[in-house]
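Take this structure first; my questions come after.
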Protein chains: 2
Amino acid sequence: MTERPQAGAASQDDRAEVTIHDVARLANVSIATVSRVLNGSNPVKGATSSRVLEAIESLGYVPHSGARSLIKKETRTIGALLPDMFGEFFSEVIRGLDQVARNRRYSLLVTCTHGDMESAEAMLRTMHGKVDGLVILSSELEVHAGMARLLKRTPAVFLSQVAGSLEERFDSISVDNRGGALSMVRYLIGLGHARIAFIRGPENNTDALQRLEGYREAMAANPATRDCVLEAQGDFGEASGYRAACRLLKASPRPTAIFAANDDMGIGALAALKDQGLRVPEDISLAGFDDVPIVRYLTPALTSIRAPISDLGARAAERLLTVIESGGSAQPRQQTLEVLLVPRGSTCPPLSGSGGQ
Amino acid sequence: MTERPQAGAASQDDRAEVTIHDVARLANVSIATVSRVLNGSNPVKGATSSRVLEAIESLGYVPHSGARSLIKKETRTIGALLPDMFGEFFSEVIRGLDQVARNRRYSLLVTCTHGDMESAEAMLRTMHGKVDGLVILSSELEVHAGMARLLKRTPAVFLSQVAGSLEERFDSISVDNRGGALSMVRYLIGLGHARIAFIRGPENNTDALQRLEGYREAMAANPATRDCVLEAQGDFGEASGYRAACRLLKASPRPTAIFAANDDMGIGALAALKDQGLRVPEDISLAGFDDVPIVRYLTPALTSIRAPISDLGARAAERLLTVIESGGSAQPRQQTLEVLLVPRGSTCPPLSGSGGQ
DNA sequence: AGAGGAAATGAAAACGTTTACAAGCGTGGG
DNA sequence: CCCACGCTTGTAAACGTTTTCATTTCCTCT
């Protein structure tokens with residue numbers, strides 16, 4: 001007889017898990033009735049219901065989500081696959097995700113891939129079965145084979161555009177990177193700048209590439225700037241922005257404006273410019289991209305492109321839940337969110353006749 | 001008939017979940033053997049094992065974690081309860097948590113309480129059963145009754161000191177807030193400052209309170225500073241730091257140094273000082289607390305107290321996993337992590353004879 | 001060569017839910 | 001007065017694993 005785990009155990013052992021059976025026993029009903037009260041799936045008489053509720057409360061019963069997911073085939077959890085956790089950008093995304101998830105009574109599982117596709121696939125494997133769907137902020141361009149197969153079973157929304165042939169097959173939500181970069185460069189040109197340098201993001205990052213594209217397109221479209229294209233490689237981190245700015249300053253003639261592909265690099269560049277004894281914006285203008293909350297507190301405050309970051313997370317979660325709840329019948333859709341140029345103190349017209357050193 | 005979404009689907013319908021039974025059938029073994037191969041729990045003959053592995057690979061089988069957790073009574077997931085997701089601080093903590101978790105093959109569930117204890121308890125309830133343990137970065141001082149009960153069943157590690165009578169009953173890992181504040185104030189006094197103002201953090205936040213305590217203690221310990229105590233209330237956000245600094249500047253005589261209880265408020269204060277036309281550090285020194293990565297890129301770089309933030313997360317995760325794996329037999333332990341004063345450009349001796357405005 | 005084990009495998013019972021199905025039980029219409 | 005029918009409730013079968021126990025297989029030692 002294995003039926004009675006604790007012989008003679010009285011009412012409530014605090015350590016042991018309390019199951020639906022304990023509740024049923026205490027309320028003098030069957031486990032089915034308890035389940036019905038919990039889920040509101042079938043009508044239950046008022047008196048019974050409150051007896052059950054009372055028992056649940058007094059025992060501190062919480063349903064075992066594993067058992068539930070086993071039969072309902074849903075975990076009520078969504079997963080987020082992020083490349084990394086540095087900077088303010090990712091916490092904003094998570095904030096958006098969490099907000100929507102909690103509203104819809106989902107939990108949020110997060111993990112970082114560290115930009116490594118090997119481990120991304122491993123994480124995907126771990127998450128599969130723990131989540132009903134995924135939000136993927138992939139830093140890589142390619143969705144490779146192993147991933148694609150896992151993704152057949154788990155709905156996913158990408159947070160930057162999926163490249164190439166697979167684009168049509170996945171949901172994605174991204175910001176208008178190209179458009180944002182275009183308008184920033186046009187704005188700088190409008191101020192009178194011609195020698196506008198660009199600090200690029202990681203080479204295999206879609207967002208970074210689209211911003212680069214926008215920069216190049218705007219520069220090429222104007223006779224005055226066409227021959228002034230000047231680029232330095234960065235990796236979206238502050239330190240790389242610092243170094244890139246130092247390299248750009250060695251050009252002769254020196255650029256009159258620097259446009260960093262994201263704010264973190266812009267912050268690094270700002271430090272570099274000041275360390276070199278340059279005044280911003282009088283001696284050189286500086287602009288970033290993303291408009292993370294902190295840049296308005298820099299001196300000078302950084303001109304940037306406002307990407308609705310936490311909104312990005314929120315929308316991704318919304319969309320994902322829609323797809324999940326549609327049971328996979330939803331057509332993949334690619335959304336692009338508008339961005340907004342926010343001019344601040346770090347940009348101004350170049351000193352007339354400034355010819356660099 | 002809604003049973004067959006794709007009529008005529010032959011062997012492998014990509015949508016349907018593949019279970020251990022499918023693998024067993026394909027490999028011509030029993031499900032028990034498959035399980036053994038998966039867990040390495042019992043010896044399995046080489047040939048059989050590889051046949052099973054092959055089947056798993058070809059079917060893309062991933063075990064259902066719900067079913068597993070049902071019987072093993074573990075979810076291999078840990079939860080993090082954060083007050084919010086603003087600023088760089090929390091993403092650093094998450095980074096530390098994630099790193100340890102992934103190494104030990106755990107997943108990480110995160111959620112924000114938004115400082116609201118009602119919802120904190122609700123989240124706790126949601127998480128209970130989805131996680132094996134919790135890391136709680138509670139902004140509130142009190143662990144109230146409902147929470148305490150949930151916490152009896154789920155191991156938890158607090159990321160700031162638990163206040164009062166309950167302290168001994170919970171694991172906690174915190175930084176030496178009081179010591180850090182003490183050494184910062186002593187450092188400023190050592191530079192020759194006397195009128196050192198303090199920007200306080202949220203009133204009900206343990207970390208903030210301990211930092212305040214350190215400030216007051218250091219100020220009181222010195223005859224020269226004893227009567228110069230000057231405080232303004234903030235909430236750890238940049239904007240509140242900006243406003244607090246503005247208020248402090250109205251004091252007469254004006255403080256020669258401002259010490260913000262965290263870096264975010266320090267960043268806001270820096271913007272305020274510059275907006276008021278003050279030079280930092282010549283006219284007024286400024287210091288922060290936490291040493292989030294970004295402050296070294298400010299101009300001037302912010303003097304701060306380096307708290308090992310991501311380490312905090314990592315250690316919390318380590319400790320939690322230890323507690324979990326000990327099966328609840330581990331004695332609660334309170335750890336305090338050392339901090340380090342990092343002097344940078346934002347602090348210097350006061351102008352001799354500076355008598356305020 | 002036969003027995004005695006060790007090694008490898010299979011059968012079946014759990015784990016805690018949800019839910020299809022059946023059953024109890026008043027009630028009202030024929 | 002009996003039957004059909006709602007409304008509520010209980011019974012039992014899933015769900016996909018792990019694990020105990022029993023069984024088979026195969027080797028090794030006398």
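By convention in this document, chain letters (A, B, ...) are assigned in the order of the sequence lines, proteins followed by strands, and residues within each chain are numbered from 1.
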Carboxylate-amine/guanidinium proximity below 4.0 Å for B/Asp171 and B/Arg333:
no

Between D/dT19, C/dT19, C/dT9, which nucleotide has the shortest distance from any of its atoms to the side chain of B/Ala32?
D/dT19

Look at the side-chain N and O atoms of A/Thr33 and state whether any lies under 4.0 Å from the OP1 or OP2 oxygen of D/dG10.
yes

Interatomic distance, B/Leu70 CG vs C/dA13 C1' [rounded to whole Å]:
13 Å

Between NE2 of A/His64 and P of D/dT17 the distance, given in whole Å, is 15 Å

Among C/dA8, D/dT17, D/dT19, which nucleotide sits nearest the side chain of B/Lys72?
D/dT19

For A/Thr48, which contact category applies under a 4.0 Å heavy-atom criterion: base, sugar-phosphate, or nothing?
sugar-phosphate

Consider the side chain of B/Ile71, meaning its heavy atoms from C-beta on, and name the nucleotide among C/dT17, D/dT18, C/dA8 that approaches it most closely.
D/dT18

Distance check: side-chain N/O of A/Asn39 vs OP1/OP2 of C/dT18, anything under 4.0 Å?
yes

Interatomic distance where NE2 belongs to B/His21 and C1' belongs to D/dT18 [whole Å]:
12 Å

Tell me the interatomic distance from B/Arg76, atom CZ, to D/dT17, atom P, rounded to whole angstroms.
17 Å

Could you work out which one of D/dG16, D/dG10, C/dT17 sits closest to the side chain of A/Arg36?
D/dG10

Taking only the side-chain heavy atoms of B/Arg68 (C-beta and beyond), determine which of D/dT18, C/dT17, C/dT9 contains the nearest atom.
D/dT18

Think B/Ser30 has a side-chain N or O under 4.0 angstrom from the OP1 or OP2 of C/dG10?
yes

Could you grab the distance from atom CE of B/Met127 to atom CG of B/Leu81, nearest 0.5 Å is fine?
6.0 Å

Name the nucleic acid region contacted by B/Ser65, choosing base, sugar-phosphate or nothing; use a 4.0 angstrom heavy-atom cut-off, strictly under.
nothing

Would you call B/Glu17 and A/Lys73 a salt bridge, using N to O less than 4.0 angstrom?
no

Provide, to the nearest angstrom, the distance between the CD atom belonging to B/Glu17 and the P atom belonging to D/dT17.
9 Å

Of the options C/dG10, D/dT9, C/dA8, whose atoms approach the side-chain atoms of B/Lys45 most closely?
C/dA8

d(CG, A/Asn28; P, D/dT8) in whole Å:
19 Å

Rounded to whole angstrom units, what separation is found between the CG atom of A/Leu38 and the C1' atom of C/dT19?
14 Å

Residue pair A/Val34/B/Ser49 against DNA chain C: nearer the 5' end by closest nucleotide is B/Ser49

Tell me whether the OP1 or OP2 atom of D/dC15 has a side-chain N or O from A/Ser69 closer than 4.0 Å.
no

If you assign A/Ile31 and B/Thr19 each to the DNA chain D nucleotide with the nearest heavy atom, which residue ends up on the more 5' nucleotide?
A/Ile31

Heavy atoms under 4.0 Å, any strand shown: does A/Ser35 hit a base, just sugar-phosphate, or nothing?
base

Over how many whole Å does the gap from B/Asn42 atom CG to C/dA7 atom C1' extend?
10 Å

With rounding to the nearest 0.5 Å, note down the distance linking OG1 in A/Thr113 to CG in B/Asp98.
9.5 Å

Decide salt bridge (Lys or Arg N to Asp or Glu O under 4.0 Å) for A/Glu92 and A/Arg95; before the verdict, give the C-alpha distance in whole Å, the side-chain angles of both, and the deciding distance to 0.1 Å.
CA-CA 5 Å; A/Glu92 285 287 301; A/Arg95 202 158 59 83; 3.1 Å; yes

Okay, side chain of B/Asp132, backbone of B/Glu74: is any donor-acceptor separation there less than 3.5 Å?
no

Any side-chain N or O of B/Lys73 less than 4.0 Å from the OP1 or OP2 oxygen of C/dG16?
yes

